[in-house]
*Asks:* 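Following this message is one structure expressed as structure tokens.
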Amino acid sequence: MKKEIFVRRTPMPVPAEELFRWHAEPGTLRRLTPPWETVEVVGPDAGLAAGQQVELRVRFGPFALPWKARIVEVVPGRSFTDVQVKGPFASWRHTHRMVPTGPAASYLEDRVVYALPGWAPGRWVAGRLVRRKLERLFDYRHQTTAEALGGGTL
């Protein structure tokens, strides 16, 4: 199973602790879901705690697939990591890092290590589509986060 790595890092106009707090608020996952995405949050979006599980429904045309993720690690004020328990990927591990860069600034880094299911030619085609989808998704998420925290347009 070939693993891919996607990383998006963006400066934020607030301390890392405030950035973490914002991500820990109930409802943040819904706020970070782009309007064009065919993903629905169906299970708790109640904040951050190790062991907490969230359930999504992902639509592919007429089909709806469950996607369950569990938060496996939380470092208060600095990071949290979720892994796919069940879903469309062969594997998925997403680490959200909030790194201080000064007394009133930080950067947000999303690092996703994932593997696609299926056979090699299909993974090659799907891999390009997934990569573009991740770029668009995390551009939206980082822009939304910066705007919510008073940073305006990136």
*Asks:* Going by the rule ring pair (Phe, Tyr, Trp, His ring centres under 6.0 Å), which residues pair with Phe138 if we only count those two or more places apart in sequence or in a different chain?
*Replies:* Phe6, His94
*Asks:* OG1 of Thr145 to CG of Leu19: how many Å apart, nearest 0.5 Å?
*Replies:* 7.0 Å
*Asks:* Mind checking side-chain contact (heavy atoms from CB on, under 4.5 Å) for Lys133 and listing every partner two or more places apart, or none if nothing turns up?
*Replies:* Glu37
*Asks:* Can you name the ring pair (Phe, Tyr, Trp, His ring centres under 6.0 Å) partners of Trp92, sequence neighbours left out?
*Replies:* Trp67, Phe89
*Asks:* With rounding to the nearest 0.5 Å, note down the distance linking CG in Asp139 to NE2 in His142.
*Replies:*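 Going from the CG atom of Asp139 to the NE2 atom of His142 covers 8.5 Å.
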*Asks:* My understanding is that only residues two or more places apart in sequence, or in another chain, count here; which of them pass side-chain contact (heavy atoms from CB on, under 4.5 Å) with Arg57?
*Replies:*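 Arg57 satisfies side-chain contact (heavy atoms from CB on, under 4.5 Å) with Glu40, Val42, Arg59, Ala64 once adjacent residues are dropped.
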*Asks:* Rounded at 0.5 Å granularity, tell me how far CE in Met12 sits from OG in Ser106.
*Replies:*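 It comes to 7.5 Å.
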*Asks:* So how far is it from Thr38 OG1 to Leu56 CG, rounded to the nearest 0.5 Å?
*Replies:*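 Rounded to the nearest 0.5 Å, the OG1-CG separation comes out at 11.0 Å.
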*Asks:* Could you note down all residue pairs passing salt bridge (Lys or Arg N to Asp or Glu O under 4.0 Å) where residues 67-92 supplies at least one of them, sequence neighbours left out?
*Replies:* Glu17-Arg78
*Asks:* Quick test of your reading of the model: are Asp110 and Arg141 salt-bridged, counting only N-O distances below 4.0 Å?
*Replies:*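 Salt bridge absent between Asp110 and Arg141.
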*Asks:* Only counting residues at least two apart or in another chain, list the ones meeting side-chain contact (heavy atoms from CB on, under 4.5 Å) with Glu109.
*Replies:*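 side-chain contact (heavy atoms from CB on, under 4.5 Å) check on Glu109 returns Val7, Arg9, Arg97, Tyr107, Arg111.
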*Asks:* Can you tell me how far the CH2 atom of Trp22 sits from the OG1 atom of Thr28, to the nearest 0.5 Å?
*Replies:*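 Going from the CH2 atom of Trp22 to the OG1 atom of Thr28 covers 5.0 Å.
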*Asks:* Heavy atoms only: give me the nearest Ala90-Pro117 pair and the separation to one decimal.
*Replies:*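 Taking every non-hydrogen atom into account, N-CD, 3.8 Å.
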*Asks:* Going by the salt bridge (Lys or Arg N to Asp or Glu O under 4.0 Å) test, which pairs reach into residues 24-33, not counting sequence neighbours?
*Replies:*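 Non-adjacent pairs meeting salt bridge (Lys or Arg N to Asp or Glu O under 4.0 Å): Glu25-Arg31, Arg30-Asp45.
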*Asks:* Could I get the full list of side-chain contact (heavy atoms from CB on, under 4.5 Å) partners for Ala105, not counting sequence neighbours?
*Replies:*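 Scan of Ala105 (side-chain contact (heavy atoms from CB on, under 4.5 Å), adjacent residues dropped) gives Thr101.
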*Asks:* Please list, chain by chain and in numerical order, all residues satisfying side chain to side chain donor-acceptor pair (under 3.5 Å) with Ser79, sequence neighbours excluded.
*Replies:*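 Ser79 satisfies side chain to side chain donor-acceptor pair (under 3.5 Å) with no other residue.
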*Asks:* Can you name the nearest heavy-atom pair linking Gly43 to Val54, along with the distance?
*Replies:* O-CG2, 4.1 Å
*Asks:* Could you list who else is in Trp36's hydrophobic cluster, with ILVMFWY side chains joined at under 4.5 Å, directly or through other members?
*Replies:* Tyr140
*Asks:* What closest approach, in Å, do Pro88 and Pro66 show between heavy atoms, and which atom pair accounts for it?
*Replies:*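 For Pro88 versus Pro66, the nearest heavy atoms are CD-O, 4.5 Å.
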*Asks:* Could you work out, with side chain to side chain donor-acceptor pair (under 3.5 Å) as the rule, every residue matching Thr33, not counting sequence neighbours?
*Replies:* none
*Asks:* Using the test ring pair (Phe, Tyr, Trp, His ring centres under 6.0 Å), find all partners of His23 that sit at least two apart in sequence or belong to another chain.
*Replies:*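 Per chain and number, His23 pairs via ring pair (Phe, Tyr, Trp, His ring centres under 6.0 Å) with no residue.
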*Asks:* Can you measure from CZ (Phe20) to CE (Met98) and round to the nearest 0.5 angstrom?
*Replies:*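 Between atom CZ of Phe20 and atom CE of Met98 there are 6.5 Å.
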